[in-house]
Amino acid sequence: MMLFTALFALTAAASTLAAPFANYTRCGNAISSDELRAVEAQFAVDSAAALAKDDSLIPIAAPQERTVHVVWHIIQESNNLSGGAISDDAVRQSISAMNKHYSGSTFNFVLDKIDRTTNSNWFKSATSGSSLQTAMKKALHTGDAKVLNVYTVGFKGSGLLGYATWPWDYSKNPVDDGVVILYSSIPGGSTPNFNEGKTLTHEVGHWLGLYHVFDDLQRSCDDTDYVSDTPAQKTPTTGCPTSKDSCPTKPGLDSIHVRGDVISSFLRSQSPQNYMDYSYDPCMNAFTPGQIDRMKTQSLTYRGVVATGLLPTATLDTVLVPASPIPPPEIL
């Protein structure tokens, strides 16, 4: 993919770009401003053509479900949990957690298959653009652009939590498509602060066409995620801040989306923070409506993911607020 390998290496090497928290790097994806402009110019053309052929994005009374089939590849160096041998049940729990995180987005993830490969080199060093990653994906990749391939590995010595391919790059290298995450970042895993499965949620956001909510490389307050309802943000968020505003001359706090006009001290301390930021897992719990719209259009345009039926009423949560309910605001 365009500049991705070089930018991944740059991101992993420079702490100012990688935003390491407790020796972990949230994500290996980064994109230059030149590539960003080129991608978005082409997306404007491609999406217009896709929308002309499919009417599933036209608003109707009840949202329509978009099913994404998942093939999960467990890469391990031994049959022990410390060697990456997570259980099938842990995989199923990961899919369940991701569906909760995407509640209200109309996306529904369905696990089709789990396979296991014992390969110490892949487990330790299958980083983006490496020959080991290429060999791993050539051997294991399954399905077409609509199928989400997830690989769990060890990323030994790198501190990386995950990376993903972009939907617009699928046609250039179909076998490369998918998401690679640290095996211990799944729900109940051993990675401190990053063990609720939200690394997968974050990376799948990229796989569905979302950028980070902050400017990856230039550290500007420009609109670099092409989503109108995410506030301008210059820097990634560290930890679980109660408030952060890296672009004080522009509206909105970083990755903070408070319900309605009600702002209390409780909500300021518990405000939902965006899945496409770099917060700790316990604090990442929101997509905006604009992000959801972008994922729908991107996945339709480049992956052919179309609405297949009406969603059950129980899944029609608002994603602008946390997926998990929070107590009512205090009376001021």
Side-chain angles (χ1 to χ4, degrees), residues 11 14-30 97 100-102 159-162 182 185 187 189 191-203 205-206 210-225 227-291 318-330 332:
T11 304
S15 61
T16 57
L17 297 181
F21 309 132
N23 299 318
Y24 290 102
T25 301
R26 163 61 81 179
C27 177
N29 282 50
K100 290 179 181 178
H101 303 160
Y102 278 85
L160 181 63
L161 294 178
L182 181 66
S185 70
T191 304
N193 301 314
F194 302 103
N195 58 358
E196 295 184 5
K198 293 175 183 176
T199 292
L200 179 60
T201 298
H202 177 102
E203 299 305 336
H206 289 315
L210 294 184
Y211 300 117
H212 292 137
V213 293
F214 54 87
D215 186 343
D216 279 316
L217 299 176
Q218 303 302 317
R219 292 296 186 260
S220 72
C221 289
D222 295 336
D223 175 19
T224 57
D225 70 347
V227 175
S228 62
D229 60 359
T230 55
Q233 184 169 328
K234 182 184 293 186
T235 58
T237 301
T238 304
C240 290
T242 58
S243 181
K244 176 171 171 275
D245 191 3
S246 61
C247 295
T249 62
K250 293 197 172 184
L253 299 176
D254 292 12
S255 303
I256 303 297
H257 313 286
V258 179
R259 274 191 282 202
D261 296 321
V262 180
I263 301 177
S264 67
S265 59
F266 175 81
L267 282 177
R268 286 192 183 279
S269 66
Q270 300 294 322
S271 294
Q273 297 181 21
N274 202 285
Y275 285 120
M276 302 313 294
D277 202 351
Y278 274 14
S279 306
Y280 289 161
D281 274 19
C283 301
M284 296 175 71
N285 51 13
F287 289 117
T288 69
Q291 287 177 313
T318 302
V319 185
L320 185 58
V321 298
S324 300
I326 60 177
E330 64 190 42
L332 301 178

Item checked: Separation of Leu161 CG from Asn195 CG (nearest 0.5 Å) -> 10.5 Å
Check: Do you know the tightest heavy-atom contact between Ala97 and Pro187?
Finding: CB-CG, 3.9 Å
Item checked: Residues Lys244 and Asp254 bridged, charged N to O under 4.0 Å -> yes
Margin query: Can you give me the closest heavy-atom contact between Pro231 and Pro251, atom names plus distance?
Written below: CB-O, 3.8 Å
Notebook entry, point to check: Heavy atoms, side chains only, cut-off 4.5 Å: are His202 and Cys27 in contact?
Noted result: yes
Check: Is the shortest heavy-atom distance from the side chain of Pro282 to the side chain of Glu196 under 4.5 Å?
Finding: yes
Note to self: Asn274 vs Gln291, test: side chain to side chain donor-acceptor pair (under 3.5 Å). Steps then yes/no.
What the structure shows: CA-CA 10 Å; Asn274 202 285; Gln291 287 177 313; 2.8 Å; yes
Next item on the list: Please tell me if the side chains of Phe287 and Leu210 come closer than 4.5 Å, counting only heavy atoms from C-beta onward.
Entry: yes
Notebook entry, point to check: Say you draw a straight line from CD of Glu203 to OH of Tyr275; how long is it, rounded to the nearest 0.5 Å?
Noted result: 14.5 Å
Check: Where do Tyr278 and Asn29 come nearest, in terms of heavy atoms and distance?
Finding: OH-O, 4.3 Å
Check: Parallel, tilted or perpendicular: which fits the ring planes of Phe214 and His212, with parallel below 30° and perpendicular above 60°?
Finding: parallel
Item checked: Whether Tyr211 side chain and Val227 backbone form a donor-acceptor pair below 3.5 Å -> no
Next item on the list: Would you sort out whether Ser220 and Asp215 count as a side chain to side chain donor-acceptor pair (under 3.5 Å), showing the intermediate values?
Entry: CA-CA 6 Å; Ser220 72; Asp215 186 343; 2.6 Å; yes
Check: Out of Thr238, Thr235, Thr237, Thr230, which one pairs with Asp277 under the side-chain contact (heavy atoms from CB on, under 4.5 Å) rule?
Finding: Thr237
Item checked: Thr224 and Gln233, any side-chain heavy atoms less than 4.5 Å apart -> no
Note to self: Any side-chain to backbone donor/acceptor pair from Asp225 onto Val213? Under 3.5 Å, distance only.
What the structure shows: no
Item checked: Thr201 OG1 to His206 NE2 distance, which is reported to the nearest 0.5 Å -> 12.0 Å
Checklist line | Expected output: side-chain Gln273 to main-chain Pro241 donor-acceptor under 3.5 Å | finding: yes
Notebook entry, point to check: Which heavy atom in Phe194 sits nearest to a heavy atom in Ser279, and how many Å separate them?
Noted result: CE2-O, 3.9 Å
Next item on the list: Could you tell me whether the side chain of Asn285 and the main chain of His101 form a donor-acceptor pair under 3.5 Å?
Entry: no
Check: With side chains defined as the heavy atoms from C-beta onward, is the minimum distance between Thr199 and Leu182 less than 4.5 Å?
Finding: no
Checklist line | Taking every non-hydrogen atom, the tightest pair across Cys221 and Ser246 | finding: SG-O, 4.0 Å
Item checked: Side chain Lys198, main chain Met284, donor-acceptor under 3.5 Å -> yes
Note to self: Less than 4.0 angstrom from a charged side-chain N to a carboxylate O is my criterion; do Lys234 and Asp245 meet it?
What the structure shows: no
